[in-house]
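So the structure is just underneath, and the comments pick up after that.
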Amino acid sequence: MELLALENIKKSYEQKCVLNKVNLSINEGEFFTFLGPSGCGKTTLLRIIAGFVRPENGSVYFESNNITLLPAEKRNVGMVFQNYALFPFMNVYDNVAYGLKNKKEKKKTIEQQVRKYLNLVRLEGYDKRNVSELSGGEQQRVALARSLVMQPKLLLLDEPLSNLDARLRDQMRMELKELQRKLGITTIFVTHDQTEALTLSDRIAVFDQGVCVQVGTPHEIYTKPVNAFVANFIGDTNLYKAKIENNKAILNHTTTLELSSDSTGDYISIRPQDILITDELRVAPNQLNGTIEKVAINGQLVEYIIMVDTLELKVIKLNTYTDSNDYVIGQKVCLSIEPKCIKILNK
Ligand SMILES: Nc1ncnc2c1ncn2[C@@H]1O[C@H](COP(=O)(O)OP(=O)(O)O)[C@@H](O)[C@H]1O
Ligand SMILES: [Mg+2]
């Protein structure tokens, strides 16, 4: 069931268009992510949904009602800001209780609810602590509890993990997903981090300069990017400008690759894990001779930069204990690329 719909949203700042023709539909219970580089309009769109910014064109529908002009406080939407925006001179309890006090709820109800949500974000016993004495991760949880205690139908999270260090970020990512599943709350999550988006989301909307270029499941976005921007932004890829004709991609005067389909485009994309390093050239399409140029070990993976003539290819291999092939810089290797692994794309 659709909870939120955005229709033809447009917004400009100082004559610069920061959102254009955004159409999206978000379902009840979904974990939906806005993904895109910094400055592409994610926060602005979140603010439009929350009611802090008015679009110059288009409409916002919530449970089929047009709420485009409804003030923020009348919307059943909770927002966690990127910098958390906690009240610095209040303790944890008062921060979380703030919204309920404003709504003039009974003292007993407030107490019960604040306790419930502090427990939920694993901050039991923190109520008297001043928020300025908390770590980034703890502040993050207070901000989350402060939103959740209002029991919004829609939760908006603006890059909630970006201020945390790597280990804490991984942990909070798991907790956030778990919490969302437990509460079943419809969530819009904003990030510029593709790994976050891929691991957390039911569906992702990818933004490029204020335009939503693709909506899909993480699998769809990764395996069927609609254009070169998405292929390059989501996951690592080898992206080349190519002349496509007769089921072939001509990359330069020495390298031509066979393709599996006759679609048209001006770029090809090959994921680094789809290029195999082999011992000898096989009898198959797309067999190439290359030379190892760089090697980087990143724990589970080994990343190679391999030159095929003047063409630079990134290749990733699992760093397994049993695989004795550790290729060294300068070593000649054979490469194999299956035609079906080569995506043809437009810019
Ligand atoms: N209040 C504002 N006044 C002027 N320009 C703004 C304002 N808010 C955002 N912008 C501009 O709009 C663009 C999109 O910003 P934002 O939505 O914050 O992007 P993101 O969250 O994707 O990084 C940026 O170029 C930003 O500078
Ligand atoms: Mg932002």
Side-chain angles (χ1 to χ4, degrees), residues 4-24 26 31-60 67-69 71-73 75 77-86 136-137 139-140 143-144 146-147 152 154-166 168-169 172-173 176 180 186-201 203-216 218 221 225-235:
L4 180 84
L6 302 174
E7 257 182 41
N8 209 20
I9 298 289
K10 182 176 182 195
K11 177 74 193 168
S12 307
Y13 284 116
E14 292 138 22
Q15 275 125 51
K16 189 182 151 228
C17 184
V18 298
L19 286 171
N20 199 12
K21 296 187 184 144
V22 177
N23 289 286
L24 282 174
I26 291 154
F31 196 113
F32 195 98
T33 296
F34 296 166
L35 173 68
S38 179
C40 73
K42 307 178 297 292
T43 296
T44 306
L45 191 56
L46 220 51
R47 288 175 167 273
I48 287 173
I49 296 168
F52 301 123
V53 169
R54 200 165 275 184
E56 67 192 74
N57 233 328
S59 310
V60 182
I67 60 159
T68 318
L69 302 177
E73 63 277 11
R75 299 185 182 194
V77 172
M79 180 152 172
V80 175
F81 296 91
Q82 190 168 3
N83 58 4
Y84 314 142
L86 296 174
Q139 290 186 21
Q140 158 72 252
L144 200 57
R146 189 178 61 175
S147 280
L154 176 62
L155 180 66
L156 308 177
L157 303 171
D158 194 359
E159 310 230 16
L161 308 178
S162 64
N163 294 333
L164 309 178
D165 63 61
L168 192 56
R169 191 158 57 221
M172 275 305 286
R173 188 158 77 198
L176 200 59
Q180 191 265 346
T186 313
T187 302
I188 302 179
F189 179 88
V190 162
T191 183
H192 63 272
D193 181 320
Q194 41 127 348
T195 313
E196 254 170 50
L198 291 172
T199 50
L200 281 170
S201 318
R203 284 191 304 151
I204 301 171
V206 185
F207 287 84
D208 180 17
Q209 298 179 51
V211 175
C212 175
V213 287
Q214 186 168 8
V215 180
I221 301 266
V226 293
N227 62 21
F229 171 81
V230 178
N232 207 24
F233 194 71
I234 316 291

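Remember, predicted model here, so these are calculated numbers, not experimental data. In listed order, ligands and their atoms are each counted from 1.
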**Q.** Interfacing atoms of ligand 1 (cut-off 4.0 Å, heavy-atom, Ser38)
**A.** 23 (O)
Q. Considering all heavy atoms of both residues, which atom of Leu161 and which atom of Gln140 are nearest to each other, and what is their separation?
A. N-NE2, 4.2 Å
**Q.** Which atom of Lys10 lies closest to which atom of Cys17, heavy atoms considered
**A.** CE-SG, 4.1 Å
Q: Please state whether the rings of Phe233 and Phe229 are parallel, tilted or perpendicular, taking 30° and 60° as the class boundaries.
A: parallel
Atom [atom1] of [X] and atom [atom2] of [Y]: how far apart are they, to the nearest 0.5 Å?
X      : Y      : atom1 : atom2 : answer
Glu159 : Leu164 : CD    : CG    : 11.5 Å
Phe34  : Leu45  : CZ    : CG    : 4.5 Å
His192 : Ser162 : NE2   : OG    : 6.5 Å

**Q.** Heteroatom distance test (Lys42, ligand 1): nitrogen or oxygen, under 3.5 angstrom
**A.** yes
Q | CD/Gln82: more than 12 non-hydrogen atoms of other groups inside 6.0 Å | A | yes
Give the residue, atom name and distance (to 0.1 Å) of the protein heavy atom nearest [atom].
atom                    : answer
atom 7 (C) of ligand 1  : Tyr13 CE1, 3.3 Å
atom 25 (O) of ligand 1 : Lys16 NZ, 2.8 Å
atom 14 (C) of ligand 1 : Gly39 O, 3.4 Å
atom 18 (O) of ligand 1 : Thr43 CB, 3.7 Å
atom 19 (O) of ligand 1 : Gly41 N, 3.2 Å

Q: Using protein heavy atoms only, decide if any is under 4.0 Å from atom 3 (N) of ligand 1.
A: yes
**Q.** Of the listed options Thr44, Leu45, Val18, closest to atom 15 (O) of ligand 1 (non-hydrogen atoms)
**A.** Thr44
Q: Please find out if the Mg ion (ligand 2) and some N, O or S atom of Thr43 are separated by less than 2.8 Å.
A: yes
